[in-house]
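In what follows, a structure is listed as structure tokens, so that the remarks can point back to it.
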Amino acid sequence: QVQLVESGGGLVAAGDSLRLSCQASGRTFSGFALGWFRQAPGKEREFVALINKSGGSTLYADSVKGRFTISRDNVKNTVTLQMNSLKPEDTAVYYCAASGLFGLLRREYQYDYWGQGTQVTVSS
């Protein structure tokens, strides 16, 4: 079992930056790939970013590539999402998730554990 708790959400203006963190506890953190997803009002949850188990490989949705950076600390058991140049369309609840699988983990069903989410609102 892995427990995930997100933090760092809030209300910011377009063009600002925000840093989300996800603290994990439970099973061996380094045994999981970690992803960030988001869900905007009235829309399905969508993939944002992925970092593999070692932290050596990352994957981003086209909509955030070049603006968002995912990283992890396997000592502190944290994964962060640095979000720069935020846009109103980035407004959503952001979730971190953990997967025991390898590969291009863009689908919700590929993840075993989820956090409760943190709200990010970007005003225009």
Side-chain angles (χ1 to χ4, degrees):
Q1 193 78 357
V2 174
Q3 292 79 42
L4 302 170
V5 179
E6 302 96 336
S7 61
L11 171 64
V12 296
D16 283 354
S17 298
L18 206 57
R19 184 179 179 91
L20 304 183
S21 294
C22 178
Q23 180 70 54
S25 60
R27 293 177 61 184
T28 305
F29 183 72
S30 60
F32 293 90
L34 298 163
W36 285 94
F37 286 74
R38 67 185 182 186
Q39 187 168 22
K43 295 188 177 181
E44 294 185 352
R45 191 152 52 182
E46 64 175 2
F47 169 77
V48 176
L50 162 71
I51 190 164
N52 73 343
K53 298 179 183 183
S54 68
S57 180
T58 57
L59 180 69
Y60 297 93
D62 288 344
S63 58
V64 307
K65 202 173 296 183
R67 299 188 298 123
F68 290 11
T69 302
I70 188 171
S71 60
R72 66 186 294 164
D73 186 327
N74 284 350
V75 175
K76 296 181 179 179
N77 289 359
T78 58
V79 57
T80 61
L81 186 68
Q82 177 66 43
M83 306 186 294
N84 298 329
S85 303
L86 283 161
K87 305 175 180 180
E89 50 263 43
D90 294 319
T91 295
V93 177
Y94 283 72
Y95 300 88
C96 79
S99 172
L101 301 176
F102 293 89
L104 303 178
L105 307 173
R106 293 193 183 97
R107 305 301 183 189
E108 289 183 61
Y109 71 85
Q110 296 173 306
Y111 290 80
D112 306 296
Y113 304 102
W114 292 83
Q116 82 290 348
T118 186
Q119 176 70 49
V120 172
T121 304
V122 184
S123 63
S124 57

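Quantities reported herein were computed from a predicted structural model and do not represent experimental measurements. The basis for the numbers below is simple: all heavy atoms, side chains too, and nothing from hydrogens, waters or symmetry mates.
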Any [X] side-chain heavy atom under 4.5 Å of [Y] side chain:
| X | Y | answer |
| --- | --- | --- |
| D90 | M83 | no |
| L20 | E6 | no |
| W36 | V79 | yes |
| S21 | T78 | no |
| Y111 | L101 | no |
| E108 | E44 | no |
| R38 | L81 | no |
| K76 | F29 | no |

Backbone of [Y] reached by a side-chain donor or acceptor of [X] within 3.5 Å:
| X | Y | result |
| --- | --- | --- |
| Q39 | A92 | no |
| R67 | S85 | yes |
| D16 | V122 | no |

What pair of heavy atoms forms the shortest contact from [X] to [Y], and how long is it?
| X | Y | value |
| --- | --- | --- |
| N74 | S30 | ND2-CB, 3.7 Å |
| L105 | S99 | CD1-OG, 3.5 Å |
| K53 | A33 | CG-N, 3.5 Å |

Linked, directly or transitively: [X] and [Y] (ILVMFWY side chains, under 4.5 Å):
| X | Y | result |
| --- | --- | --- |
| V12 | V48 | yes |
| L50 | F32 | no |
| I51 | L104 | no |

Calculate, to the nearest 0.5 Å, the distance between atoms [atom1] and [atom2] belonging to [X] and [Y] respectively.
| X | Y | atom1 | atom2 | answer |
| --- | --- | --- | --- | --- |
| S124 | E89 | OG | CD | 10.0 Å |
| N52 | L34 | CG | CG | 9.5 Å |
| K65 | Y60 | NZ | OH | 10.5 Å |
| C96 | I70 | SG | CD1 | 9.0 Å |
| Q3 | N77 | CD | CG | 11.5 Å |
| L4 | S25 | CG | OG | 7.5 Å |

Set out, in order, the CA-CA distance, both residues' side-chain angles and the distance that settles side-chain contact (heavy atoms from CB on, under 4.5 Å) for F47 and Q110, then state yes or no. CA-CA 11 Å; F47 169 77; Q110 296 173 306; over 6 Å; no
Can you find a side-chain donor-acceptor pair between S71 and T80 that sits under 3.5 Å? yes
Which of parallel (below 30°), tilted (30 to 60°) and perpendicular (above 60°) describes F68 and Y94? tilted
Would you check, one step at a time, whether the test side-chain hydrogen bond (donor to acceptor under 3.5 Å, both in side chains) holds for T121 with Q119? CA-CA 6 Å; T121 304; Q119 176 70 49; 3.3 Å; yes
